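Computed from a predicted structure; not experimentally measured. Letters go in sequence order (proteins before strands), and every chain restarts at 1.
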Amino acid sequence: MNDAAREWIALVCKALNGLRGESGAPIEAAEIVAEVPPKPELGDLAFPMFPYAKRLRKAPGLIAESLVAELERIGGLPGKVSPAGPYVNVRYLVGSVARSVVEEALALGPRYGRTDRLAGERVMVEFSSPNTNKPLHLGHLRNDILGESVSRILKANGADVCKTDLINDRGIHICKSMLAYERFGGGRSPESAGVKSDHFVGDFYVKFNEWAKEDPSAEEAAREMLRRWEAGDGQVRSLWRRMNDWAIKGIEETYRRTGISFDRIYFESETYEAGREEVLKGIASRVFSRDPDGSVWVDLTDVGLDRKVLLRKDGTTVYVTQDIGTAIARRRDYPFDRLIYVVASEQHYHFKVLFNILSRLGFPWAENLHHLSYGMVNLPEGKMKSREGTVVDADDLLDELEGMAAAEIRAKGREEEVGDLAATSRAIALGALNYYLLQVSPSKDMVFDPKESISFVGNTGPYLQYMGTRISSIMRKLDELRSPLGEAEFRPELLAAGDEWELVKLVGALPDVVARAGDELNPSLVAGYLFTLASTFSRYYHDTPVLHNDDPHLTATRVALAKAVGTALRNAFELVGIPFLERM
RNA sequence: GCGUUCGUAGCUCAGUUGGAUAGAGCGACGGACUUCGAAUCCGUAGGUCGCAGGUUCGAAUCCUGCCGGACGCACCA
């Protein structure tokens, strides 16, 4: 695909210089603008002539005509060329491109679509980063699938990727759940209460806030508990370990459910001390300074940021302090070339500060830290607010989606066909959710309407999955016909229908899409590609019989194309966390 | 106030390095199941790309200003 484009660019460059004659500077291949025409009927590649009008002292329309004549004079063209107003449109040789694309897709199978663009690069990706005082919510789900998907895309581009999670397991918010448990828990456990363990912990966090509303002394009690935690109080630490285990166990269950995993997990409780030590070293090297009250500061006003505290006067650490320690520990554990933090856009300023501090401390790798900032998930009424109970819980949402999927399967009377109803419902729910969350460009805020947002019709995950099942279904039918293809062979020149050629180009485009998604850290490009591929195939098979043809060669050819589409679909699914289904 | 970011159809979103008549899905209306699965397909209606300048042969896209929203500018994380 790309080879064809490059070949044509070289040809057009040569022809343009032929038209130019001896006058002026030569036109370089890099200057040639090539684009995809707005409509497929126009061709496969288009060259606008506007940029050369001045150089050649000629109207674009006239250049187009003489360029076509010049190309035809050169001869041996890999396709057809025609002028269209100020454009020169090119049509590739269908047969040869189709052969190479389909054969490559079928030969590579699960590896089709990968590139070597990032071969050898070591990338660490941090995402999720939950607190251990409550279960995951919808915002985490966007973060999780974004981090997981970006990691898979980077891997598909040849990078060595280390996925990492930072568990925020210490701080005042943790103590609040603990305090409420001490007061209202009555020694119960998630098992005895029959509640998923992270929800069990989260419920006490809610209870604390209710209590604190009535009784102002609650906040002070929480601060006191944090002091005892910092001092290593045995009783507090033991309760902390017990409740953290509950929270983490529950969160891990949700990760398993959503297909999220990590190669390395860091706990804030284990890295914050290292941050303090780095800050103390920074005082010695005069990067930081100590105020008379004992607090430690960094002055970033020279780069337009603020003066930031790093250690309080009592010597305790703040948010950015532990991130300093964590970054250094990570670089030591896994010498990354690049570290990507997948964190909500509200933390933009925090990361500017963090990266700047690490740079001041003299770490050359600080230049390779990247904040992949993504927008908030809002409700139609506005922001999710825990105080108003509008937070959409991750497990509840998944339960609801699975219920909807199961109901749909039953309504269609396909329980028998599907086999494992629960597993299929889970796969559909996950496909719907992940596609919904990744469709939107990461940087944008998005609106989630619990009642209407996730549907299974139209531009949705299940729509894409459905196309996969239809291809699988065609292949099953083919098997039932018992070697109907016989001597029939793949003959790409038989791919005459417009949609067939579009499908070939789309399948061929997967590696380019993967490359660009990797460059831009943007899974929504893969999502958009999937919808185009699926809807083109949907239109195609609707009015073009794959199996029922008089010519067995045509059947074999269309089967090969359908398989290639299935391969591209399945491989792109993997990148955005949509399960591929044989039946649904 | 300063900084970051977003503003495209009734709603939710695409829109490639600036390029041909700005595209989808949902919702609305009208069609297509005897033929590889209708979670599908086809059609109709729906737009001052927030506003105003600028750069350019050409701007939804780049620049400036303004308007509107979100987020940030904590010894919270």
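- Residues from residues 432-447 of chain A lying near RNA chain B, meaning a heavy-atom separation below 4.0 Å, are V440(A), S441(A), K444(A), D445(A), M446(A), V447(A) in numerical order.
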Scan nucleotides 56-62 of chain B against the protein and return all N/O pairs shorter than 3.5 Å with their distances rounded to 0.1 Å.
{"residue": "C57(B)", "atom": "OP1", "partner": "K54(A)", "partner atom": "NZ", "Å": "2.7"}

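- C66(B) and G23(B) are spaced 33 Å apart, taking the P atom of each and rounding to whole Å.
- Position along RNA chain B of the nearest nucleotide to S524(A) versus Y540(A) favours S524(A) as the more 5'-ward residue.
- T460(A) places no side-chain N or O within donor-acceptor distance of the main-chain N or O of A432(A), the cut-off being under 3.5 Å.
- Shown here are the side chain to side chain donor-acceptor pair (under 3.5 Å) partners of Y435(A), two or more places apart in sequence or in another chain: N459(A).
- For residues 538-551 of chain A, the set of pairs meeting the salt bridge (Lys or Arg N to Asp or Glu O under 4.0 Å) definition, not counting sequence neighbours, comprises D499(A)-R539(A).
- For D314(A), the side chain to side chain donor-acceptor pair (under 3.5 Å) criterion is met by T316(A), not counting sequence neighbours.
- Residue contacts for P37(A): at a heavy-atom cut-off of 4.0 Å it reaches a base atom on one of the strands shown.
- Note on L310(A): nothing from the nucleic acid sits closer than 4.0 angstrom, heavy atoms only.
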side-chain hydrogen bond (donor to acceptor under 3.5 Å, both in side chains) between T469(A) and Q465(A), worked out: CA-CA 6 Å; T469(A) 65; Q465(A) 288 172 314; over 6 Å; no
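- A donor-acceptor contact under 3.5 Å links the side chain of N89(A) to the base of A20(B).
- The side chain of Y529(A) places no N or O atom within less than 4.0 Å of a non-bridging phosphate oxygen (OP1 or OP2) of G15(B).
- Among the atoms of the strands shown, base atoms are found under 4.0 Å from some heavy atom of E35(A).
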Bracket notation of RNA chain B in which parentheses pair within the strand, [ ] cross earlier pairs, and | pairs with another strand (Watson-Crick or G-U, under 3.5 Å): (((((((..((((.....[...)))).(((((.......))))).....(((((..]....))))))))))))....
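- When heavy atoms are screened at a 4.0 angstrom cut-off, H542(A) is found touching base atoms of the nucleic acid.
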Within the sub-3.5 Å range, which N or O atoms of nucleotides 24-26 of chain B have a protein N or O partner, and how far apart are they?
{"residue": "G25(B)", "atom": "O2'", "partner": "N459(A)", "partner atom": "N", "Å": "3.0"}

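- Salt bridge absent: R312(A) and E230(A) never bring a charged side-chain N and a carboxylate O closer than 4.0 Å.
- The side chain of Y87(A) approaches G19(B) more closely than any other nucleotide in the set U40(B), C36(B), G19(B).
- Between R307(A) and the options D291(A), D302(A), D299(A), a salt bridge (charged side-chain N to carboxylate O under 4.0 Å, His left out) holds for only D291(A).
- Between F351(A) and Y341(A), the ring center distance clears the sub-6.0 Å criterion.
- S472(A) comes within contact range of no nucleotide atom at all, as no heavy-atom separation falls under 4.0 Å.
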Report all interatomic pairs (protein N or O, nucleotide N or O of nucleotides 73-76 of chain B) with separations under 3.5 Å.
{"residue": "C73(B)", "atom": "O2'", "partner": "D306(A)", "partner atom": "OD2", "Å": "3.0"}
{"residue": "C75(B)", "atom": "O3'", "partner": "R312(A)", "partner atom": "NE", "Å": "3.2"}
{"residue": "C75(B)", "atom": "N4", "partner": "D293(A)", "partner atom": "OD2", "Å": "2.8"}
{"residue": "C76(B)", "atom": "OP2", "partner": "R312(A)", "partner atom": "NE", "Å": "2.5"}
{"residue": "C76(B)", "atom": "OP2", "partner": "R312(A)", "partner atom": "NH2", "Å": "2.4"}

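- Nucleic acid contact class of S538(A) (heavy atoms, under 4.0 Å, all strands): sugar-phosphate only.
- Checked against the 6.0 Å centroid threshold, H350(A) and Y319(A) count as a close aromatic pair.
- Taking E582(A) as the reference, R570(A) meet the salt bridge (charged side-chain N to carboxylate O under 4.0 Å, His left out) condition, with sequence neighbours excluded.
- The salt bridge (charged side-chain N to carboxylate O under 4.0 Å, His left out) search around R142(A) returns none, not counting sequence neighbours.
- I409(A) comes within contact range of at least one nucleobase, with a heavy-atom separation under 4.0 Å.
- The residues D198(A) and K134(A) are annotated as not salt-bridged, no charged nitrogen and carboxylate oxygen being separated by less than 4.0 angstrom.
- A salt bridge links E268(A) with R170(A); the closest basic N to acidic carboxylate O contact falls under 4.0 Å.
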Filtered N/O pairs between nucleotides 43-45 of chain B and protein, under 3.5 Å:
none

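- Nearest nucleotide to the A46(A) side chain, out of G19(B), A20(B), C36(B): A20(B).
- Atom-to-atom, CZ of R470(A) to C1' of U40(B) comes out at 7 Å; the value is rounded to the nearest Å.
- Applying the side chain to side chain donor-acceptor pair (under 3.5 Å) criterion to Y52(A), with sequence neighbours excluded, gives no partner residue.
- Salt bridge present: R117(A) and D519(A) bring a charged side-chain N and a carboxylate O closer than 4.0 Å.
- Contact annotation for R583(A): base contact, defined as any heavy-atom pair under 4.0 Å involving a base atom.
- Using a 4.0 Å cut-off between charged nitrogen and carboxylate oxygen, R414(A) and E408(A) do not count as a salt-bridge pair.
- Listed candidates were C71(B), C42(B), U40(B). Nearest to the side chain of R539(A) is C42(B).
- Looking at heavy-atom distances under 4.0 Å, Q322(A) makes no contact with the nucleic acid at all.
- Nucleic acid contact for A59(A): none, since no nucleic acid atom lies under 4.0 Å from a heavy atom of the residue.
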